[in-house]
Number of protein chains: 2
Amino acid sequence: MEKQNVISALAALAQDTRLDVFRLLVRAGPEGLAAGAIADALDLPSATLSFHLKELRNAGLALCERSGRSLIYRPDCAAVEDILRYLTEHCCEGVAVKKTRR
Amino acid sequence: MEKQNVISALAALAQDTRLDVFRLLVRAGPEGLAAGAIADALDLPSATLSFHLKELRNAGLALCERSGRSLIYRPDCAAVEDILRYLTEHCCEGVAVKKTRR
DNA sequence: TCCATAATTCTATATTAATGGAAGTATGGA
DNA sequence: TCCATACTTCCATTAATATAGAATTATGGA
């Protein structure tokens with residue numbers, strides 16, 4: 001993954017509301033969520049949510065597809081994996097994080 | 001790691017110059033680098049670099065310690081690992097990234 | 001065709017971040 | 001104590017982000 005793509009993705013997640021939206025999408029899984037359902041769940045004005053969804057899309061972290069009157073958003077988990085890989089390889093002395101050790 | 005800490009760390013890395021600085025620190029390893037050496041390596045005005053180093057420190061990504069007239073900066077790789085863990089656990093359906101598969 | 005719903009885009013405003021010169025602070029020598 | 005070096009903080013300026021009401025676009029019925 002290119003550095004600039006990683007930066008966009010990091011910036012997209014580095015925002016309170018957007019991180020909430022993305023986490024909600026991840027929890028919703030591959031069936032996705034309509035924009036309205038996200039707005040309801042997080043109690044956000046539609047224009048504000050729309051702005052953040054666009055940021056997530058532009059950063060390659062979310063995909064959307066129309067279904068009737070709704071737009072269904074889904075997370076792109078591959079993008080997160082790309083970030084993880086980049087950080088592991090460039091920002092962590094190549095030391096991978098152990099799976100579930102703490 | 002708390003959500004707000006993760007957000008600060010992501011925001012700190014989501015900036016071109018800062019990501020360069022951090023990667024340089026990681027490559028330098030535990031012996032660290034003086035601020036002046038970083039400024040030279042990346043050709044940055046000292047005030048600009050100082051601003052970015054402070055951001056990295058505030059985000060918990062870098063530590064610094066005086067040595068004579070110089071301030072030696074070191075990366076805090078544990079912080080990166082915390083980010084990786086958070087993203088893996090909250091933003092990726094719990095699916096860890098495989099070590100060096102692509 | 002007309003209306004309600006679902007969402008986006010437009011627009012203005014407010015907040016926050018980045019840049020870098022100039023001034024200030026610590027350190028170590030002569 | 002005076003000076004040079006190594007940084008940081010102060011400050012002003014510019015640029016980028018976030019917020020949300022109002023207007024607009026697309027879809028699916030009645």
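Numbered from 1 within each chain, the chains take letters A, B, ... in sequence-line order. Quick caveat, the model's predicted, so the values are computed rather than measured.
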Please report, rounded to the nearest Å, how far the C1' atom of dA16(D) is from the CG atom of Asp16(B). 15 Å
Where the side chain of Ser46(B) is defined as all heavy atoms beyond and including C-beta, which of dT8(D), dA18(C), dG28(C) is the nearest nucleotide? dT8(D)
Of Leu25(B), Leu44(B), Leu42(B), which is the lone residue that meets side-chain contact (heavy atoms from CB on, under 4.5 Å) with Asp20(B)? Leu42(B)
For Leu53(A) and dA20(D), give me the distance from atom CG to atom P, rounded to whole Å. 15 Å
Hey, is the side chain of Ser70(B) poking within less than 4.0 Å of OP1 or OP2 on dC7(D), counting only N and O atoms? yes
For the side chain of Arg18(A) and the backbone of His52(A), is there at least one donor-acceptor N/O pair under 3.5 Å apart? no
Write down the distance between CZ (Phe51(A)) and C1' (dT19(D)), rounded to a whole number of angstrom. 9 Å
Can you check the Leu42(A) CG to dA20(D) P distance for me, whole Å? 13 Å
Whether His52(B) contacts dT19(C) is assessed here as follows: a side-chain N or O lying under 4.0 Å from the phosphate OP1 or OP2. Is that the case? yes
Phosphate OP1/OP2 of dT8(D) contacted by Tyr73(B) side-chain N/O (<4.0 Å): yes
Out of dT9(C), dA18(C), dA20(D), minimum distance to the side chain of Ser50(A) belongs to dT9(C)
Pick out which of Val21(A), Leu49(A), Ile38(A) makes a side-chain contact (heavy atoms from CB on, under 4.5 Å) with Tyr73(A). Ile38(A)
dA6(D) phosphate, OP1 or OP2: any side-chain N/O from Arg66(B) under 4.0 angstrom? no
Among Leu61(A), Asp76(A), Leu19(A), side-chain contact (heavy atoms from CB on, under 4.5 Å) partner for Leu56(A): Leu61(A)
Between dA17(C) (P) and Ile7(B) (CD1): distance, integer Å: 12 Å
Can you measure Asn58(B) atom CG to dT16(C) atom P for me and round it to whole angstrom units? 15 Å
With a 4.0 Å cut-off on N to O distance, would you call Arg85(A) and Asp82(A) a salt bridge? yes
Residue whose closest nucleotide on DNA chain D lies nearer the 5' end, Thr48(A) versus Ser67(A): Thr48(A)
Under 4.0 Å: is that the gap between some side-chain N or O of Arg69(A) and OP1 or OP2 of dT25(D)? no
Think Lys54(B) has a side-chain N or O under 4.0 angstrom from the OP1 or OP2 of dT9(D)? yes
Atom CG of Leu49(B) and atom P of dT8(D) are separated, to the nearest Å, by 7 Å
Give the rounded distance in Å between these two atoms: CG of Leu56(A) and C1' of dT8(C). 15 Å
May I ask you to say what Ala47(B) touches in the nucleic acid, namely base, sugar-phosphate or nothing, with a heavy-atom cut-off under 4.0 Å? base
If each of Ala11(A) and Ile72(B) is mapped to the nucleotide of DNA chain D with the nearest heavy atom, which maps nearer the 5' terminus, i.e. the 5' end? Ile72(B)
